[in-house]
Amino acid sequence: MKAEYRKGCRQRDSVEREGDAGARSIEAREGKERDGAEGLMERILNRENLNRAYKQVKRNHGAPGIDGMTVEAASPWLRENRDGLLQSIREGHYKPSPVRCKEIPKPDGSGTRKLGIPTVVDRVIQQAIAQQLQPLFEPLFSEGSYGYRPGRSAQQAIRKVKTYAEQDYGHAVEIDLSKYFDTLNHELLLNLLRKRIPDKRVIDLIKKYLKSGVMENGVRRATEEGSPQGGPLSPLLANIYLNEFDQEMESRGVTVIRYADDIVVLAKSRRAAERLLESSRTYLEQKLKLHMNTQKSKVVSIVAQKHFKFLGFALGKNGKGVYIRVHRQSLAKAKKKLKELTSRSQGRKARQVMENVKVYIRGWIGYFYVADMKRILQGWNEWLRRRMRMYIWKQWKKPRTKVQNLQKLGIPEWQAYQWGNTRLGYWRIAGSAVLNRSVTNARLAQAGYYDFPAQYERLRQLHSNG
DNA sequence: GGGGCTTAGAC
RNA sequence: UUUGUCUAAGCCCC
């Protein structure tokens, strides 16, 4: 019970003091060798850089940290206290605030995840650091790494897996790291940073952020593992850390596709995959001190139905070859959302409903367009039109209104009267010929119904050549 | 090429 | 209420 209470909030707690004695000797040694190069700190604290950092934090509209300061309030505060803040950072006695602990439910409903929310000011500083570190580390990263990286997307990652699958890599090791962000080893990470960052003051600042602790019921608790899931710097640090795995595998000639902590190791045979699962596990646990979830990490056939899932996609195989599909879970989630959007929401106009559906599907297709789903979208199109007809029919409510509206839309009087007074179910009516001839596709389109299969084709065309 | 806003998705 | 990075689409501005 007590141990459970102690389980950290995105960062592991330290049961004892905030010990960092182990670091000191290494640090002192490194510091001496690297006192020549300075300037990174200056670039971080540069006016333009800080300004860009603040804008980024502001446009996220994120919630306040432990001090309750909002992004709006931070602007005048920073203007007022900028010089003092920058001076204390430069002189090395700035002390970041602990992160605010917040538990939020996972999107799929399975359990909760813990966030560590830094104060707005700390988010600005971390962002400023990240902006300068990113270009320094980008060139070091592996070709197979796609998460949190500029110019790289999940679509590129799944396409890469597809390419390998076509080249005889039929098996995948799916590696699931439990609580990856929470279990990064500080000393290991700092040593990786020291190799590339000559400015000791920057290292010390990052170290302070790693050790800044979490606030829980008014009590600060130190952190000796992990990086706060919520800090702007954390994604980059996560990549720097797992880059060691990428590089090690690359040197062994092993193909790895990685998106953040979602790792896929490819193999040409099941036996090779089994061996790679074991060797990956050894490296991740012994060398990187991470915890592999042995239940969820497994070897699967890439093209077997339902087995391989990566970034919301799956791969399939037919006579023509390997193809990308939307994973059934993602399809189910989207269908559920569409149902919700088109169900009798209190008094929304049909136009508004169609606008909401449009916005949702536009974004959804913008992500999943790399998957082959022409038929699925055509099916959804039929279904959604019928849902909209049902929605409109329900809004007419009274038999009198139904008769009048049907007539207005070109249905002969006798038939309008018959259908206006029918006792058939809504779904039946929505699919009837009478409703198809009155609330026509053209009229739906005119009212703002979104032709998303066309958008899908357009996007595919756009990205297939150029 | 840059900037603003909104939405969607991955982690 | 719920943090962060990245990507995409749509609209708008230079």
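Here is the naming used below: chain letters follow the sequence lines, and residue numbers restart at 1 for every chain.
- Side chains of A:Q132 and A:N49: a donor-acceptor N/O pair is present below 3.5 angstrom, by distance only.
- Among the atoms of the strands shown, only primed sugar atoms or phosphate atoms (P, OP1, OP2) are found under 4.0 Å from some heavy atom of A:G151.
- Separating the CZ atom of A:F181 from the P atom of C:C6 is a distance of 12 Å, rounded to the nearest angstrom.
- For A:R458, whose side chain is taken as the heavy atoms from C-beta onward, the closest listed nucleotide among C:G4, C:U7, C:A9 is C:A9.
- Computed from coordinates, the A:F452 CZ to C:A9 C1' distance equals 16 Å when rounded to whole Å.
- For the pair A:M69 CE and C:U3 P, the interatomic distance rounds to 17 Å; values are reported in whole Å.
- Ring planes of A:Y164 and A:Y169: perpendicular class, angle over 60° (limits at 30 and 60°).
- For C:U7, neither phosphate oxygen OP1 nor OP2 lies less than 4.0 angstrom from any side-chain nitrogen or oxygen of A:R152.
- Both A:K337 and A:D261 lie near DNA chain B, and the one whose nearest nucleotide falls closer to the 5' end is A:K337.
- For A:S153, counting side-chain heavy atoms from C-beta on, the closest listed nucleotide (C:U5, C:U2, C:U7) is C:U7.
- For A:Q455, counting side-chain heavy atoms from C-beta on, the closest listed nucleotide (C:A9, C:U7, C:U3) is C:A9.
- With a 3.5 Å ceiling on both atom-pair distances, C:U2 lacks any Watson-Crick or G-U wobble partner.
- Between A:H463 and C:A9 there is a side-chain N or O to OP1 or OP2 distance below 4.0 Å.
- The environment of NZ in A:K317 is sparse: at most 12 heavy-atom neighbours from other residues, nucleotides or ligands sit within 6.0 Å.
- Among the heavy atoms of the strands lying under 4.0 Å from A:G62 are primed sugar atoms or P, OP1, OP2 only; no base atom is included.
- Within the nucleic acid shown, A:Q56 comes within 4.0 Å of sugar-phosphate atoms alone, with no base atom in reach, counting heavy atoms only.
- In this entry the distance linking CG of A:D182 with P of C:U3 reads 18 Å, nearest Å.
- At least one test fails for A:K333 against the ring of A:W364: distance under 6.0 Å to the centre or angle within 45° of the axis.
- The nearest whole Å value for the distance from the CG atom in A:L115 to the P atom in C:G4 is 10 Å.
- If you measure from atom CZ of A:R113 to atom C1' of C:U2, you get 9 Å, rounded to the nearest angstrom.
- Of all nucleotides present, only C:G10 satisfies the Watson-Crick or G-U wobble test against B:dC5, with each distance under 3.5 Å.
- With a cutoff of under 4.0 Å to any heavy atom of chain A, the contacted region of DNA chain B is bounded 5' to 3' by B:dG4 to B:dC11.
- A side-chain contact (heavy atoms from CB on, under 4.5 Å) with A:Y450 holds for exactly one of A:E355, A:R362, A:M354; it is A:R362.
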| said: If you apply the rule side-chain hydrogen bond (donor to acceptor under 3.5 Å, both in side chains), what do you find for A:T112 with A:E103, and how did you get there? | reply: CA-CA 6 Å; A:T112 62; A:E103 263 193 75; 2.6 Å; yes
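- Using a 4.0 Å heavy-atom cutoff across all strands shown, A:Y259 reaches at least one base atom of the nucleic acid.
- Closest to the side chain of A:R362, out of C:C6, C:U2, C:A9, is C:A9.
- Rounded to whole Å, atom C1' of C:U5 lies 9 Å from atom CD of A:Q127.
- Among the protein residues, A:Q131 comes within range of no part of the nucleic acid, since none of its heavy atoms lies under 4.0 Å from any strand.
- Within the nucleic acid shown, A:L459 comes within 4.0 Å of sugar-phosphate atoms alone, with no base atom in reach, counting heavy atoms only.
- Between the CD1 atom of A:I240 and the P atom of C:G4 there is a distance of 19 Å, given to the nearest Å.
- Of the side-chain N and O atoms in A:Q156, none sit less than 4.0 angstrom from OP1 or OP2 of C:C6.
- Mapped onto RNA chain C by nearest heavy atom, A:G231 and A:P150 fall at different nucleotides, with A:G231 at the one closer to the 5' end.
- Among the protein residues, A:I104 comes within range of the nucleic acid bases, having at least one heavy atom under 4.0 Å from a base atom.
- Under 4.0 angstrom from either OP1 or OP2 of C:U2 there lies at least one side-chain N or O belonging to A:R100.
- The aromatic rings of A:Y259 and A:Y148 sit tilted relative to each other, their planes meeting at an angle between 30° and 60°.
- Residue whose closest nucleotide on DNA chain B sits further toward the 5' end, between A:A154 and A:K55: A:K55.
- Dashed line: the shortest gap from a side-chain N or O of A:N60 to OP1 or OP2 of C:U3 is not under 4.0 Å.
- To the nearest whole angstrom, the two P atoms, one in B:dT6 and one in C:U1, are 14 Å apart.
- Although no hydrogens or angles enter the test, the distance criterion places a donor-acceptor pair under 3.5 Å between the side chain of A:R149 and the main chain of A:S145.
- Donor-acceptor pairing under 3.5 Å is recorded for the side chains of A:Q352 and A:N356.
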